[in-house]
Amino acid sequence: PFQQQTITNFFFKA
Amino acid sequence: MFECALIQGELFRKLIASVQDLVQDGNFMCDANGISLQGMDSSHVALVALALKKEGFVEYRCDRDVTLGINFANLAKMLKCMGAKDRLSIRAQDEGDSASFVFESEDSSRVSNFELKLMQIDQEQLGVPETQYKAVIRMPSSEFQRICKDLSAIGDTVSISVTKEAVKFSVGGDIGSGDMSLRQSESGDVDGDDSEKVMIELEEPVQQNFALRYLNNFTKATALSKTVTLSLGTDMPLVTEYKMDNLGSIRYYLAPKIDE
């Protein structure tokens with residue numbers, strides 16, 4: 001029932 | 001020329017052990033203020049960020065910014081040759097293709113020299129936005145380690161929910177379900193070690209789900225600090241931070257699991 005998010009969805013490319 | 005020395009080389013070995021299962025290789029960015037490292041796991045679910053301040057070193061010299069591309073498994077092989085109480089020195093030339101690691105025993109009776117080949121690592125750095133977290137929990141790192149380990153035997157996802165009174169870790173799996181709550185320590189309690197306490201700073205109650213496999217991985221850093229700080233918000237990564245007295249910190253960011 002859970003879907004794993006990725007960290008790149010939250011942090012921007014510097 | 002880059003040069004630094006740590007009295008407790010062991011600390012550096014523990015740091016490398018705390019990242020090497022999550023990230024294979026990475027760039028140590030060395031500048032006049034200290035050393036930083038950032039890396040993601042291969043699935044891009046977690047990010048580890050290491051920040052070491054020059055004040056934590058007995059010697060620190062960095063004439064020009066240098067980037068040391070390091071394979072952690074290879075570095076760990078060399079650090080294995082270091083004695084538990086050895087002093088560690090790291091040296092690198094500005095444009096060199098290797099870094100030298102020197103281990104010296106307390107009484108200087110044994111000195112070991114290792115040259116590690118450096119790698120060219122093309123790695124994108126991620127910007128971590130400044131965030132106001134809804135809940136910040138500080139707790140004994142060993143307690144967090146135990147909870148993650150024990151709950152992962154029951155399920156693969158933990159739900160962390162925080163209220164003013166307590167933080168609750170809940171798990172469910174094929175065999176059943178369960179939860180463990182830690183109450184905020186009494187503020188009037190002046191006895192005992194501060195690092196034994198559970199402190200909760202709360203703006204508003206929050207609940208998020210996370211993969212226990214990654215949290216267990218983060219707890220490799222337990223040896224670095226008596227306490228761990230968990231910072232949570234709604235629909236944002238969890239921050240698991242281990243602070244080392246004056247040397248700096250290691251932070252792990254973990255993307256949440258969304259309930260469909």
Side-chain angles (χ1 to χ4, degrees), chain A, chain B residues 22-23 27 29 36 38-49 122-131 133 155-160 170-174 177 207-215 218 231-240 251-260:
Chain A
F2 293 111
Q3 198 198 336
Q4 177 66 62
Q5 305 289 295
T6 60
I7 204 89
T8 37
N9 289 352
F10 301 94
F11 297 161
F12 53 87
K13 285 170 192 169
Chain B
L22 205 62
V23 188
N27 287 322
M29 320 280 272
S36 63
Q38 197 191 75
M40 270 187 285
D41 74 296
S42 56
S43 317
H44 293 186
V45 169
L47 177 122
V48 55
D122 189 20
Q123 213 169 48
E124 57 183 5
Q125 293 283 304
L126 288 183
V128 178
E130 279 290 314
T131 309
Y133 290 96
D156 55 15
T157 302
V158 65
S159 165
I160 305 179
S170 314
V171 71
D174 295 341
S177 63
Q207 192 212 333
Q208 290 253 264
N209 305 307
F210 299 100
L212 278 162
R213 185 164 70 88
Y214 285 93
L215 294 178
F218 302 167
S231 303
L232 292 107
T234 305
D235 194 28
M236 65 170 64
L238 164 78
V239 191
T240 307
R251 282 183 186 174
Y252 301 93
Y253 297 87
L254 177 60
K257 283 183 161 188
I258 307 286
D259 206 349
E260 281 180 337

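Chain identifiers are assigned alphabetically (A, B, ...) following the order of the sequence lines, protein sequences preceding nucleic acid strands; residue numbering begins at 1 within each chain.
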Notebook entry, point to check: Does any N or O in the side chain of A:Gln5 come within less than 3.5 Å of the main-chain N or O of B:Pro237, such that one atom is a donor and the other an acceptor?
Noted result: no

Next item on the list: Would you please name every residue forming a ring pair (Phe, Tyr, Trp, His ring centres under 6.0 Å) with B:Tyr133, sequence neighbours left out?
Entry: none

Checklist line | Proximity breakdown for B:Asp235 and chain A, heavy-atom pairs closer than 4.5 Å | finding: both

Check: So how far is it from B:Asn209 CG to A:Gln3 CD, rounded to the nearest 0.5 Å?
Finding: 12.5 Å

Notebook entry, point to check: Just how far is it from atom OG1 of B:Thr131 to atom CZ of A:Phe10, taken to the nearest 0.5 Å?
Noted result: 11.0 Å

Check: Atom CG of B:Leu47 and atom OG1 of A:Thr6: how far apart are they, to the nearest 0.5 Å?
Finding: 11.5 Å

Next item on the list: Search all heavy atoms of A:Thr8 against all heavy atoms of B:Leu126 and return the closest pair with its distance.
Entry: CG2-CD1, 4.1 Å

Next item on the list: Carefully, step by step, assess B:Asp259 and A:Phe2 under the rule side chain to side chain contact (heavy atoms under 4.5 Å, CB included).
Entry: CA-CA 5 Å; B:Asp259 206 349; A:Phe2 293 111; 3.8 Å; yes

